[in-house]
> 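Okay, here's the structure, questions in a sec.
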Amino acid sequence: MRRLHAAVLAACLALVAAVPAPASAAPSPTPSVSPSASPLVSPSVPLTASTTSAGRQRELLRRYAADTWKSMDAMTDPATGLPSDKIDGSLDPATRAKVTSPTNIATYLWSTVAARDTRLISRTEALRRVARTLASTAKLERHAPTGQFYNWYDPRTLEIVRTWPENGSAVQPFLSSVDNGWLAASLMMVRNAVPEVSRQAGALLKGMDFESYYDPQARPDAGTGLLRGGFWPEKPTGCSVESDYNDSGTTVHSTCHHYGALTEARIASYVGIALGQLPPEHYYGMWRTFPDTCDWSWAEQKPVGAWRTYMGVNVFEGTYGYRGMRLVPTWGGSMFEELMVTQLVPEDVWGARSWGRNQPVYIAAQIEHGMNEAKYGYWGFSPSNDPAGGYREYGVDAIGMDTPGYTSDQERTSVDYGFEGCREGQPEPTSYGDGVVTPHASFLALRHAPGAALTNLARLRANFDAYGPGGFYDAVAVRSGKVAKQYLALDQGMIMIALGNALAGDSLRRHFATRDVTAKLAPVLRQEEWAVVPPK
């Protein structure tokens, strides 16, 4: 069973505020947009390519969406409406995982809305499904003082998972800021997308307090705080910090790490700011890169940048260099860190001079690595099932801040550029091994590189046994030809939301970006101008 799910994975992405520390883990018309929808969200980039018409491309994407939706449907318990964490590639209900998480629930909710908006299911069916899921979610036990959801539940019984189904090992209940962030974001989307359940979604959302993760003293140098990775109600083994950040009168045991970089964990920050629970200047407390001094020389490379001040917070706006490009890195160098959030939050519109510049270059770097540096002939590296078994993080090490980084191959071939004037680097690799490519990474790239994404997917499908009854399997090791023939709620959910936006004019982003949310987030994101350099 995959343990490195979104929350635990996000813990691996985490950074301490001041110094590094270890992490803990039948169709119907497309619905009209609510009057409260944001006028700032533009439609997604039109799908065009030299080899086929836009109409044929859309039909191809619709077929991909229809098959992917089959996997989301198959992994969902018909009685409770809660999705399992994963299912075997055969889509046999007997192979559903016996656990689910707040992120899994979020992916099913937006996948259902995407299926409706792309006319794969009717409005009536979508309403029935969403209402059932919300009703079951309302029955899940929560941490009463904070309203947060636990990390693992049984999707059939709705009980908290305290014993791991596969091996009987104990599971200590944990509440994750990033997993709860995804669930809250999906509830914000649903209350606008499905007005009939707006009250249900709002009631669930109202009780969620993200201040319970917010350490206001995490960045004393910047005068702002950071989110911790989560907390345990009972003291765990290993590192933890006693806290009561929301002054509930209940002490919990928070992770020792904070979310200090702009990874996919930023969704929790956006939600907290949009709900008025976190100060907007907190966004600037997260590092773009670490500074260019020897105090930070453990990082992947020495950045180039300058200090600027936004909302009273001093921000080092640094970039990394990679094969003629300059970009703002993620922690590990994976696609989902950079591009999962933007499927729901229109960062590239609100932050046109920051995220809007960085995301296309980040994709270009992934393509450059797969096609030219590692010479795999394919690209798209992101945490996924390991074709050799289990679950693993994959990425392009060079565009991640962590020196060990997320690597693109099974052999964990990494780079170490050193830190000029502070730490010597190592010779660059002369070759790479068995690269692991995950299809969800290509779907995340559709907005900015539709032609390249579709070509990559077509070649994966043509050259490997990479496509099954529920769409693309989770990952392919492109040199050995091994395929991870499973479907994960997280990864299939990323595919569904990307396809929903591509086929329905950014409908998922419109549902999220109401006027109220836009008023809170857009002024924050639009201030920065990152010194990104695209490929020549």
Side-chain angles (χ1 to χ4, degrees), residues 5-17 23-25 101-107 109-110 142-143 146-151 174-190 204-216 218-219 224-232 243 245-246 252 254-287 330-331 336-347 350-351 355 490 493-494 497 512-513 517 520-521 524-525:
H5 185 261
V8 185
L9 172 64
C12 297
L13 311 177
L15 304 174
V16 175
S24 343
S101 72
T103 297
N104 293 157
I105 297 169
T107 64
L109 286 171
W110 72 52
R142 299 160 76 171
H143 185 252
T146 65
Q148 298 291 292
F149 289 83
Y150 289 89
N151 233 38
F174 179 74
L175 301 101
S176 159
S177 54
V178 64
D179 275 77
N180 275 279
W182 281 117
L183 179 55
S186 73
L187 293 171
M188 293 166 70
M189 179 273 297
V190 162
L204 288 168
L205 184 63
K206 185 178 180 180
M208 301 179 75
D209 185 359
F210 285 86
E211 190 179 10
S212 58
Y213 303 110
Y214 183 66
D215 177 3
R219 287 285 315 272
T224 189
L226 294 171
L227 293 178
R228 289 199 183 267
F231 61 83
W232 297 267
S243 64
Y245 292 128
N246 69 340
V252 297
S254 293
T255 60
C256 290
H257 68 268
H258 298 90
Y259 286 134
L262 291 171
T263 69
E264 59 98 14
R266 66 190 182 273
I267 190 65
S269 296
Y270 289 154
V271 166
I273 293 169
L275 295 178
Q277 297 175 359
L278 300 179
E281 59 268 22
H282 151 63
Y283 173 72
Y284 295 107
M286 292 182 283
W287 295 102
T330 59
W331 175 238
F336 102 120
E337 292 174 283
E338 178 76 9
L339 292 162
M340 182 177 175
V341 172
T342 203
Q343 306 304 317
L344 203 56
V345 183
E347 297 173 300
W350 294 341
W355 293 107
L490 174 63
M494 283 190 274
I497 195 171
F512 176 84
V517 170
K520 294 285 183 60
L521 290 177
V524 178
L525 270 65

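Keep in mind it's a predicted model, so treat the numbers as computed, not measured. No hydrogens, no waters, no symmetry mates; every other heavy atom, side chains included, goes into these values.
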> Backbone N or O of His257 within a donor-acceptor pair of the Thr255 side chain at under 3.5 Å?
yes

> Quick one: are Leu204 and Phe149 in side-chain contact, heavy atoms under 4.5 Å?
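Heavy-atom side-chain distance check passes, below 4.5 Å.
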
> With sequence neighbours excluded, what pairs up with Phe231 under the ring-ring contact (aromatic ring centres under 6.0 Å, His included) test?
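Partners of Phe231 under the ring-ring contact (aromatic ring centres under 6.0 Å, His included) test: His143, Tyr213.
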
> List in chain and number order the residues that pass side chain to side chain contact (heavy atoms under 4.5 Å, CB included) with Thr224, two or more places apart in sequence or in another chain; answer none if no residue qualifies.
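If we apply the side chain to side chain contact (heavy atoms under 4.5 Å, CB included) test to Thr224, skipping adjacent residues, the hits are Tyr214, Arg219, Ala222, Glu281, His282, Val313.
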
> Considering only heavy atoms from C-beta outward, does the side chain of Thr263 approach that of Val341 to under 4.5 Å?
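No; the side chains remain at least 4.5 Å from each other.
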
> With sequence neighbours excluded, what pairs up with Tyr283 under the side chain to side chain donor-acceptor pair (under 3.5 Å) test?
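Partners of Tyr283 under the side chain to side chain donor-acceptor pair (under 3.5 Å) test: Trp355.
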
> Just by distance, with hydrogens left out, do Thr103 and Asp179 show a side-chain donor and acceptor under 3.5 Å apart?
yes

> Report yes if some heavy atom in the side chain of Ile267 is under 4.5 Å from a heavy atom in the side chain of Ser269; otherwise report no.
no

> If you look at every heavy atom in Tyr245 and Ser212, which pair is closest and at what distance?
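Minimum heavy-atom contact is CD1-O, 3.5 Å.
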
> Who pairs with Ala274 by side chain to side chain contact (heavy atoms under 4.5 Å, CB included), at least two apart in sequence or on another chain?
Met188, Val517, Leu521

> So do Trp287 and Leu262 actually touch side chain to side chain, heavy atoms under 4.5 Å?
no

> Nearest 0.5 Å, what's the OG1-CD1 distance between Thr107 and Ile497?
9.5 Å

> Enter the distance from Met208:CE to Leu175:CG here, rounded to the nearest 0.5 Å.
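Going from CE on Met208 over to CG on Leu175, the span is 9.5 Å.
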
> Is there a side-chain contact (heavy atoms from CB on, under 4.5 Å) between Leu339 and Met494? Walk through the geometry before answering.
CA-CA 10 Å; Leu339 292 162; Met494 283 190 274; over 6 Å; no

> Taking Leu183's backbone N and O only, do any of them form a donor-acceptor pair with Ser186's side chain (distance below 3.5 Å, no angle check)?
yes

> Give a yes or no answer on whether the side chain of Asn180 reaches the backbone of Gln148 with a donor-acceptor pair at less than 3.5 Å.
no

> Could you tell me which residues satisfy side chain to side chain contact (heavy atoms under 4.5 Å, CB included) with Asp209, sequence neighbours excluded, listed by chain and number?
Glu211, Asn246, Gln277

> Do the side chains of Val345 and Phe512 get nearer than 4.5 Å, heavy atoms only?
yes

> Heavy atoms only: give me the nearest Val524-Pro280 pair and the separation to one decimal.
CG2-CB, 3.8 Å

> Counting only N and O atoms by type, is there a donor-acceptor contact under 3.5 Å from the side chain of Arg142 to the main-chain atoms of Tyr150?
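Such a contact is absent between Arg142 side chain and Tyr150 backbone.
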
> Please answer whether the main-chain N or O of Glu337 pairs with a side-chain N or O of Thr330 as donor and acceptor at a distance below 3.5 Å.
no

> Could you grab the distance from atom OH of Tyr270 to atom CZ of Phe210, nearest 0.5 Å is fine?
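Separation between the atoms: 15.0 Å.
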
> State which residues pass salt bridge (charged side-chain N to carboxylate O under 4.0 Å, His left out) with Arg266; sequence neighbours excluded, sorted by chain then number.
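In terms of salt bridge (charged side-chain N to carboxylate O under 4.0 Å, His left out), with neighbours along the sequence ignored, Arg266 is linked to Glu347.
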
> With a 4.5 Å cut-off on side-chain heavy atoms, are Val178 and Tyr259 touching?
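A side-chain contact under 4.5 Å exists here.
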
> If every non-hydrogen atom of Ser254 is compared with every non-hydrogen atom of Ser243, which pair is closest and at what distance?
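That would be OG-OG, 2.7 Å.
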
> Taking the six-membered ring for Trp, are Trp110 and Trp182 closer than 6.0 Å centroid to centroid?
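Between Trp110 and Trp182, the centre distance is under 6.0 Å.
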
> So do the side chains of Leu227 and Leu278 get within less than 4.5 Å of each other, counting heavy atoms only?
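In short, these two side chains touch, coming nearer than 4.5 Å.
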
